[in-house]
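Have a look at the structure below before the remarks.
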Amino acid sequence: RPNRPQNQSGPSRGQNPHSSLSLSTRKELYERDFPVYKQPVEVGCFSLDSERRFFNDGRQMRYYVEPDRSPNLDLRDGYKDRFIKRDDSVKEKLDHMLRWILANRSKLSARGATASSCDLDIDFVTWRGHLTKLLTAPYETREGWQLAVTRFRGTLYISEVETEAARRDQENRTERHEEMMYWGYKFEQYTCADTVHGRPDPGGVLNTNEAFCTVVQTRLADHRLLFSGEVDCRDKDPNAPAAPACYIELKTSAEICTPKQRSNFHRFKLLKWWAQSFLPGVPRVVAGFRDEEGVVVAVETFPISKISHLIKNEQNCWKPTVCMNFCSDFLSFVKHIATEDNPSVVYLLSWEPRRDVTFSVHRDSPYCFLPHWFVEEMTS
Ligand code: 0WD
Ligand code: CA
């Protein structure tokens, strides 16, 4: 099937929005009622240890410990001598999620534990981070993306492919930028304990191989979704609500000193924070505001449900409904084009800012991402 992008800009009311071979990201097209988004339900979790080994349990879960009022946390501490960085040249694709699916298959199939080999009761499997990119696309002006899609036994699997531009950026990172990427993890170390009554250990070695991920199930319009996202920590109060409502997302951001900085924070950063946590139903973000030297000088909690009110005073600001409607229409577009059920076929959806989403089809190519161990076990 040819990749034949059209100039036509769909979707719009009153016509089939997915009749063309491309999809517009223009925000005006998605300003309609908020689509149905079911409360995400945690169906499981998994952990990756200091050597990036998978465990089908919550052993890497951490507990939030609130820092002092005027904290003065030095985020540069330990960068040179107590930091083990995950090898990001290893592309893990969906592998950890697929392992989780195999270990928990009976929870997911329509017939439950009675049939181990039947199909999953799910339309889409992906990482939360990929969905975040879809939600923010109508407002993104800098970075494009490529998403590989494979239909296998009725379920559509979505896995990101690194763009050329992203690979170049990664190779050309400055030493300052490398160090600033460490700051976010360091803030986690200052605010998270390994046990419910424990204390954070800022003197320990920081290892970014370690991760705790939640797996949630939900529905967006008529799309049944299963996705996983990394969770920083949880509320340690024994009376806290069940997951995902007890989870807390941690962020660092430059301190805000001018009205211009505040406006940019609302228009760009809060969009990303909202999209990332709204998807899995994580109710709050705890932000550490740091100075130019990497010292956290203030800590503030942002309830996700209040973010859309906070931004209402900004001129031509982002709207949650546009994000969700675009995502929903994107998933409909994927269902429409990715028709061949075959683990060795990849539909590659590509997008650059100010362009439409287009696609190409690849058979037995390096884009294939469903591993043999997954295909075989799902088929047997
Ligand atoms: O392209 C990706 N996002 C991939 C992610 C490709 C292959 C694997 N992964 C997995 C890893 O297993 C990781 O544990 O990503 C998991 C996190 O997935 P996510 O929650 O869907 O990703 P996202 O929402 O983009 O990021 C959440 C956190 C980040 O925290 P901040 O506060 O900076 O948003 O996960 C970390 C990062 O700390 N993170 C990653 N960790 C490992 N590999 C990656 C990555 N590629 N991207 C972000
Ligand atoms: Ca975080």
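For this chain, numbers begin at 1 and follow the sequence in order. In this text, all values refer to a predicted model and were calculated from it rather than measured experimentally. We count ligands from 1, going down the list as the structure has it; atoms in each ligand are counted the same way.
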Next on the checklist: To 10 degrees, how wide is the angle O (L250) to the Ca ion (ligand 2) to OE2 (E249)?
Outcome noted: 80°

Please could you name the atoms of ligand 1 that [X] approaches to less than 4.0 Å, counting only its heavy atoms?
| X | answer |
| --- | --- |
| K93 | 7 (C), 8 (C) |
| Q276 | 23 (P), 24 (O), 26 (O), 27 (C), 34 (O) |
| G229 | 20 (O) |
| E249 | 32 (O) |
| E92 | 8 (C), 11 (C), 12 (O) |
| H96 | 12 (O) |

Checklist entry - Do other residues, nucleotides or ligands put more than 12 heavy atoms under 6.0 Å from E175 CD? => result yes

Any protein heavy-atom neighbour for [atom] (distance below 4.0 angstrom)?
| atom | result |
| --- | --- |
| atom 29 (C) of ligand 1 | no |
| atom 13 (C) of ligand 1 | yes |
| atom 41 (N) of ligand 1 | yes |

Less than 4.0 Å is my threshold; does some heavy atom of [X] fall inside it relative to ligand 1?
| X | value |
| --- | --- |
| Y185 | yes |
| R52 | yes |
| S228 | yes |
| E162 | no |
| L250 | yes |
| L48 | yes |
| R86 | yes |

Got a salt bridge between [X] and [Y], using NZ or NE/NH1/NH2 to carboxylate O under 4.0 Å?
| X | Y | value |
| --- | --- | --- |
| R32 | D329 | yes |
| E178 | R173 | yes |
| D77 | R82 | yes |
| E340 | R363 | yes |
| K107 | E42 | no |

Item to check | Heavy-atom proximity to atom 4 (C) of ligand 1, best of H130, M181, E160 | outcome: H130

Checklist outcome for this item: Closest heavy-atom approach to atom 21 (O) of ligand 1 among S159, G129, S47 is made by G129

Next on the checklist: Which label fits F302 and F265: parallel for a plane angle under 30°, tilted from 30 to 60°, or perpendicular past 60°?
Outcome noted: tilted

Between the side chain of [X] and the main-chain N/O of [Y], is any donor-acceptor distance below 3.5 Å?
| X | Y | value |
| --- | --- | --- |
| D341 | G154 | yes |
| T218 | K38 | yes |
| R59 | M61 | no |
| N56 | W100 | no |
| R151 | A338 | yes |

Item to check | Shortest non-hydrogen contact from R128 toward Q276 | outcome: NH1-O, 3.0 Å

Checklist entry - In the protein, what heavy atom is nearest to atom 9 (N) of ligand 1, and what distance, to one decimal place, separates them? => result W127 CE2, 3.7 Å

Checklist entry - What residue and atom, counting heavy atoms only, is the protein's closest point to atom 31 (P) of ligand 1, and at what distance? => result K251 NZ, 3.4 Å

Checklist entry - When you look for heavy atoms under 4.0 Å from ligand 1, do you find them on the side chain of E230, its backbone, both, or neither? => result both

Checklist entry - the Ca ion (ligand 2) to D232: any N/O/S contact under 3.0 Å? => result yes

Next on the checklist: In the structure I gave you, are the side-chain heavy atoms of R62 and T191 within less than 4.5 Å of one another anywhere?
Outcome noted: no

